[in-house]
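Read the structure below first, then the notes.
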2 protein chains.
Amino acid sequence: MKLTTKGRYAVMAMADLASFKDQGPVSLSDISLRQNISLPYLEQIFLKLKNNNLVKSVRGAKGGYKLELSPDEIKISNIISAVDEEVKMLNCKKDSKKGCNNKSSKCITHNLWDQLDQHINNFFEKVKLQDLVKKKQILNK
Amino acid sequence: MKLTTKGRYAVMAMADLASFKDQGPVSLSDISLRQNISLPYLEQIFLKLKNNNLVKSVRGAKGGYKLELSPDEIKISNIISAVDEEVKMLNCKKDSKKGCNNKSSKCITHNLWDQLDQHINNFFEKVKLQDLVKKKQILNK
DNA sequence: TTTAAATCATACTAAATTAGTAGGAATTGA
DNA sequence: TCAATTCCTACTAATTTAGTATGATTTAAA
C-alpha cells in the first residue's frame with residue numbers, strides 16, 4: 001500500500017493552493033509556512049504535480065504555482081496518483097517469489113486485496129479538491 | 001497507514017486455517033509450506049492472533065492451531081486489528097509537532113483521512129473469513 | 001543592471017519501519 | 001525418551017520514507 005505523508009502533503013498543498021487561488025501565484029515558501037512542510041520537500045512534490053499537469057508554475061520573483069484546473073475538476077485520486085504512483089496492496093504476476101503466483105489456493109485472499117484497492121480508489125475518485133476547501137461533509141451519501 | 005504484509009499474512013493464514021479446520025489442529029509448518037510464509041514469522045503472528053482470541057493452540061506433537069470461532073463469525077477487521085494495531089492515516093492530537101494540531105486551516109484535510117479510515121474499516125467489517133474460503137465475490141452489493 | 005525571490009533538478013542521507021532470523025524454553029503425543 | 005510442536009524474546013538486514021544539500025535557472029523589482 002502506497003499512501004504516505006507524501007500523498008497527504010500533496011493533498012494539503014493543493015487544498016492550500018485552492019484556498020488562495022485568487023491572489024495570484026502562491027509560492028511554496030508560503031505553503032511551507034502555512035502547512036508546516038519543509039520547502040525542499042514541497043519542491044519535490046510540486047515537480048510531480050507539475051509533470052502531471054495539476055499545477056502550472058510561474059518562475060522568478062513573485063512567482064509560484066497556480067492550479068491548472070478549477071478545484072471542482074480536480075479529483076483527490078489525481079493528486080495521489082501524481083505523487084504516489086499507485087494504491088495497490090498486491091503485486092502479483094511479476095515475479096513468482098514475492099506476491100502470489102496466482103495459481104492454486106495460495107492466493108485465496110487475492111480478490112480481497114484487489115477489492116480493497118478498488119474501494120479506496122473509488123473513495124478518492126469521488127472526492128474533489130473543492131470538497132475539501134468548502135470543508136463540507138464528504139460522502140454523506 | 002498500517003497495512004502491511006503482516007496483516008496480509010494473518011488473513012492468509014486464517015483463511016488457510018479455515019480451509020483445513022476439519023482435520024484437527026493445523027500446524028504452522030503446514031501453513032508455512034502452503035502459504036509460503038516463514039515459520040518464525042508465522043509464530044509471531046499467531047501469538048497475536050491467540051492473544052486476541054481468534055485462534056486457540058494445541059501444544060506438543062501433533063499440535064497446532066484451531067479457529068476459536070466459526071469462519072462466518074470472524075471478520076477481517078478482527079484479524080487485521082489483531083496483528084496490525086490500527087488503520088489510521090493521521091495521528092493528530094498527541095504531539096503538536098507531527099500530524100496536525102487540529103486548529104486553524106492547517107488540518108484542512110483532516111476529515112478526508114478520517115473518512116478514508118472509516119471507509120477502509122467498513123470494508124473489513126463487512127467481509128467475513130467465510131467469504132474468502134468460499135471464494136465467492138465479495139461486496140458485489 | 002543588479003539582486004532577491006522564486007522555481008527546477010538531482011543526488012545524497014538519516015530515521016523509521018518492516019520483514020525476517022536466531023536461539024532456546026516448554027509442552028505433549030507416540 | 002524423542003520428535004514435533006507452540007511459546008517467547010531479542011536481534012538484524014533490507015527497504016522505504018522523509019527530509020537535506022547543493023546548485024542552476026528565471027524573472028520582477030529596486
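Atom set for the values below is all heavy atoms of this structure, side chains included, hydrogens, waters and symmetry mates excluded. Keep in mind that this is a model prediction, so the values were computed, not measured.
- Distances from the side chain of A:Lys62 to the nucleotides D:dA29, D:dA18, C:dA19 place D:dA29 closest.
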Side chain to side chain contact (heavy atoms under 4.5 Å, CB included) for B:His119 and A:Ile120? Distances and angles first, verdict last.
CA-CA 8 Å; B:His119 212 60; A:Ile120 295 173; over 6 Å; no

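- At whole-Å resolution of the value, OH in A:Tyr41 and P in C:dT10 are 18 Å apart.
- For the atom pair B:Leu39 CG and B:Leu33 CG, the distance stands at 9.0 Å (nearest 0.5 Å).
- When the C1' atom of D:dT20 is taken as reference, atom CD1 of A:Ile45 falls 14 Å away, rounded to whole Å.
- In this structure, B:Gln35 places its CD atom 17 Å from C1' of C:dA19, rounding to the nearest Å.
- Summary of the strand contacts: B:Gly7 and A:Ser29 both lie near DNA chain C, and taking for each the nucleotide with the nearest heavy atom, the more 5' one is attributed to A:Ser29.
- Between the CG atom of A:Asp30 and the C1' atom of C:dA5 there is a distance of 11 Å, rounded to whole Å.
- As rounded to whole Å, 19 Å separates atom P of C:dA16 from atom NZ of B:Lys6.
- Taking hydrophobic clusters as Ile, Leu, Val, Met, Phe, Trp and Tyr residues chained together by side-chain heavy-atom distances below 4.5 Å, B:Leu67 shares a cluster with B:Val26.
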Let me have a per-nucleotide readout for nucleotides 7-14 of chain D, 5' to 3', with B, S or -, counting only protein heavy atoms under 4.0 Å.
BB-B----

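- Heavy-atom nearest nucleotides on DNA chain D were determined for A:Ile37 and for A:Ala61, and the one closer to the 5' end corresponds to A:Ile37.
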Side chain to side chain contact (heavy atoms under 4.5 Å, CB included) between A:Val55 and A:Lys50, worked out
CA-CA 5 Å; A:Val55 297; A:Lys50 207 187 67 161; 4.1 Å; yes

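- The B:Leu28 side chain lies nearest to D:dT6 when the options are D:dG19, D:dT6, C:dG29.
- Side-chain N/O atoms of A:Thr5 include one lying less than 4.0 angstrom from OP1 or OP2 on D:dA18.
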Can A:Thr5 and A:Tyr41 be said to form a side chain to side chain contact (heavy atoms under 4.5 Å, CB included), step by step?
CA-CA 11 Å; A:Thr5 59; A:Tyr41 202 27; 4.1 Å; yes

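- The interatomic distance linking A:Leu49 (CG) with C:dA9 (P) rounds to 14 Å, in whole Å.
- Phosphate contact (OP1/OP2 of C:dT7, side-chain N/O of A:Ser27, threshold under 4.0 Å): absent.
- Atom OG of residue B:Ser57 and atom CG of residue B:Leu28 lie 9.5 Å apart, to the nearest 0.5 angstrom.
- The distance between atom CD1 of A:Ile31 and atom P of C:dA6, rounded to the nearest whole Å, is 12 Å.
- For C:dG20, one of the phosphate oxygens OP1 or OP2 lies less than 4.0 angstrom from a side-chain nitrogen or oxygen of B:Tyr9.
- One atom, CG of A:Leu39, and another, C1' of D:dT22, lie 14 Å apart when rounded to the nearest Å.
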As a quick check of understanding, evaluate side chain to side chain contact (heavy atoms under 4.5 Å, CB included) for B:Ile31 and B:Leu17, giving each step before the final call.
CA-CA 8 Å; B:Ile31 298 179; B:Leu17 215 52; 3.9 Å; yes

